[in-house]
Structure formats: structure tokens, C-alpha cells
Protein chains: 2
Amino acid sequence: MEARRDVFQAIADPTRRAIIGMIAEQPVNVNAIAAQFEVSRQAISLHLKILTECGLLSIKQQGRERLCEARLDKLNEVHEWVQQYHQLWTSRLKALKGFLEEEAKQPTIHKKSKK
Amino acid sequence: MEARRDVFQAIADPTRRAIIGMIAEQPVNVNAIAAQFEVSRQAISLHLKILTECGLLSIKQQGRERLCEARLDKLNEVHEWVQQYHQLWTSRLKALKGFLEEEAKQPTIHKKSKK
DNA sequence: ATGATATGCAATCATTTACTTGCAAATATA
DNA sequence: TATATTTGCAAGTAAATGATTGCATATCAT
């Protein structure tokens, strides 16, 4: 269980995404997180470890409890990667929309213009 | 090799992200993609299959070639998931910045105000 | 028709993943 | 101090992942 450990890998798992959603607003301790899931506490503990290792989570010891806090800024890598393609595809959609509107005005201009 | 197959899972692999980057601008055929990587053509073929199964890729048969075209709109799911947290953390950053600026103007107001 | 090209499919394999159960250690609480 | 609570660590397991090699098939060029 010691290999690739990056943010993309971390958020690939739906349980881990749920954990992030659960602690995004305010820190939550380990047992409280585990209580929300069907799987064992150990399984959640492992997910927390993975999230911690890739920097998406930081842990504050508080007596015998451990508060898990989301480090949302670490999602920036994903945000930027997706953003570039998001811009690409939305600009294409706009171009298509513009084209279709031109077509609607002068439906046959492309077929006739060359002949 | 037949289980979870969603966009988050698909982009978890760096090779698959590289493939998406390679075909984002225009369609490319299978061998041309495979030629860019160290791994075997079969390995790439499997990655293409995974990308296809989650809708990030569509294939157009063109004679004996298969043109792989990126379906960037399928990244929307990821975009929206990250976006909500991006907004959360940037608004926090702004709040922090505002707070620090207030502190700079009246450095001790919080400590003195109550005593 | 013949050979080269583009690609898929199947079998196989080493690692990694996501879990589980059991046990130990530290910290609260009665 | 005795006991309950919170959590980590270790060993074990089934399934998924990423990759390889070998063989088959369709299409294009000569």
C-alpha cells in the first residue's frame, strides 16, 4: 500500500471524497468521521492516512482525539488541470452557438457562396 | 479489471491524463498515441478503453485507423466537485486577508477591547 | 494476391487497493 | 486506581490495476 500518492489518486475514491465533504466546513475527529460510514474504523483510518500523505488533510492532536481538518488549497492542482480543459470546451460551445445563430440568419450562405 | 469506472477514477492515472492532454486539441489515432509512451501499445489500448467507458473519449473508425477524440465536457463532474471547494477556500483566503489588513490598521484592538 | 499497417482480444502476472479482525497505547472519567 | 474512549499498528485477504506477450483480423498499398 505504498505507491503513487497524489491528489488525483486521493480523490479517485468516493469514500475519500465524502470525507473531504464532511470536514470541509469544520474539523471533525476520527471516530465521528468513521461513524458516518458503513466500513470499519480502520478502513476510514487508512483513507485519512492517504489524504494526509497527499496533503489534503492535516491532523491536530487534541487530548486523545485527533481533529481532521481539510486542506482545500491542495485541490488547486486538480482545479488547474480541469480548468484548462473547461475553458477549452466552453469556448468551443460558444463558437458552435455563434455558428448556429449565423446559420439561422442566412441558412444557405455556405452552400451557395462558392457556386 | 471490471469495476468502478467513473471520471475521477479515470483521471487518477497520470498516463490517462497525459492522453487527454494529447488529444484535447484534435483527434489522434491509437498508434500515434501509443508512440508517445514507453509502455506497450496494449497498455495504452487499455487506458483508451477505460477513458472510453467513462465517456471521456469517443472513437471514430476511419478506415483501418481509430481516431480518439476527447470529450472534455465529461470533465464537468470533476470541475463542479472541485469548484465548490475552490470557492470555499478562496473566500476564506479573502476573509483572512481582510482580517490581516484590519489588524495592520489597529493592531491591538482585539486584545484591548474586552479588558 | 501479398505483405505491411493498425488495432483488438485473451491469458498471465506482480502490485496496489480497500477491507477486516485483533491487539496495544494513550488519555479521560468515575 | 479501575474503566471506558479514541486511536494507531500489524497481519491477512480478495479484488482491481497496470502491464506484458502472443495471436487474430481488417484494411491499405504494391
Side-chain angles (χ1 to χ4, degrees), chain A residues 1-23 26-71 78, chain B residues 1-23 26-71 78:
Chain A
M1 230 175 285
E2 300 292 332
R4 223 185 316 133
R5 195 112 308 174
D6 59 73
V7 180
F8 286 93
Q9 182 67 20
I11 67 169
D13 186 277
T15 301
R16 289 196 286 269
R17 289 200 298 281
I19 290 174
I20 291 173
M22 195 173 299
I23 64 176
Q26 79 282 117
V28 180
N29 72 52
V30 176
N31 272 1
I33 294 171
Q36 298 295 121
F37 295 90
E38 291 290 289
V39 299
S40 72
R41 182 178 56 77
Q42 302 306 337
I44 296 300
S45 208
L46 178 58
H47 284 307
L48 295 177
K49 190 181 171 197
I50 290 171
L51 289 170
T52 303
E53 282 173 7
C54 77
L56 273 168
L57 190 78
S58 65
I59 292 180
K60 281 189 274 183
Q61 191 82 33
Q62 196 118 107
R64 65 182 162 183
E65 296 185 9
R66 294 191 149 208
L67 285 179
C68 301
E69 184 174 21
R71 298 297 309 273
V78 181
Chain B
M1 230 175 284
E2 300 291 332
R4 221 184 320 132
R5 195 111 308 173
D6 58 75
V7 181
F8 286 92
Q9 182 66 21
I11 65 168
D13 187 277
T15 301
R16 289 195 286 267
R17 289 200 300 280
I19 290 174
I20 290 172
M22 196 174 297
I23 64 177
Q26 80 282 117
V28 180
N29 72 52
V30 177
N31 272 1
I33 294 171
Q36 298 295 121
F37 295 90
E38 291 290 290
V39 298
S40 72
R41 181 178 56 78
Q42 301 306 338
I44 296 300
S45 207
L46 178 57
H47 284 306
L48 295 177
K49 190 181 171 197
I50 290 171
L51 289 171
T52 303
E53 281 173 6
C54 77
L56 273 168
L57 190 77
S58 65
I59 292 182
K60 281 189 275 185
Q61 190 81 35
Q62 196 117 108
R64 63 183 162 181
E65 295 186 10
R66 297 192 148 208
L67 284 180
C68 301
E69 182 173 22
R71 299 296 308 273
V78 182

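Straight-line distance from the CZ atom of Phe8(A) to the C1' atom of dT17(C): 20 Å, rounded to whole Å. What separates NZ of Lys49(B) from P of dG18(D) is a distance of 13 Å, to the nearest Å. In this structure, the CD atom of Gln9(B) is 10 Å from the C1' atom of dT17(C), given to the nearest Å. One atom, CD1 of Ile50(A), and another, P of dC9(D), lie 14 Å apart when rounded to the nearest Å. Atom NE2 of His47(A) and atom C1' of dT20(C) are 13 Å apart (whole Å). Distance, Glu53(B) CD to dG8(C) C1': 14 Å, rounded to whole Å. Atom CG of Leu46(A) is separated from atom P of dA11(D) by 15 Å (rounded to the nearest Å). For the pair Leu51(B) CG and dG18(D) P, the computed distance is 11 Å after rounding to whole Å.
Looking only at distances, no side-chain donor or acceptor of Glu69(B) sits under 3.5 Å from a matching main-chain atom of Arg71(B). A donor-acceptor pair under 3.5 Å is absent between the side-chain atoms of Arg16(B) and the main chain of Leu51(B), judged by distance alone. With hydrogens and angles ignored, the 3.5 Å screen pairs no side-chain donor or acceptor of Arg66(A) with any backbone N or O of Val30(A).
Between Arg66(A) and dG8(D) there is a side-chain N or O to OP1 or OP2 distance below 4.0 Å. Applying the 4.0 Å criterion to OP1 and OP2 of dT5(C), one finds that Asn31(B) has every side-chain N and O outside that range. For Asn29(A), no side-chain nitrogen or oxygen approaches OP1 or OP2 of dT6(D) to under 4.0 Å. Contact annotation: Ser45(A) does not reach the phosphate of dT7(D) (side-chain N/O to OP1 or OP2, under 4.0 Å).
Across all strands, Ser40(B) comes closer than 4.0 Å to base atoms (heavy-atom distances).
Heavy atoms only, all atoms of each residue included: Ile33(B) and Met22(B) are closest at CA-SD, 4.0 Å. Scanning both residues, Ala34(B) and Ile44(B), for their nearest heavy atoms gives CA-CG1, 3.9 Å. In this structure, Phe8(B) and Ile11(A) approach most closely via the heavy-atom pair CD2-O, 3.8 Å.
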N/O-N/O pairs, protein side and nucleotides 22-26 of chain D side, under 3.5 Å:
unit_1	atom_1	unit_2	atom_2	d
dG22(D)	O6	Gln42(B)	NE2	3.2

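With the nearest nucleotide of DNA chain C identified for both Glu38(A) and Glu65(A), Glu38(A) has the one nearer the 5' end.
For the pair Leu67(A)/Ile59(A), no side-chain contact is recorded, criterion being any heavy-atom separation below 4.5 Å from C-beta on.
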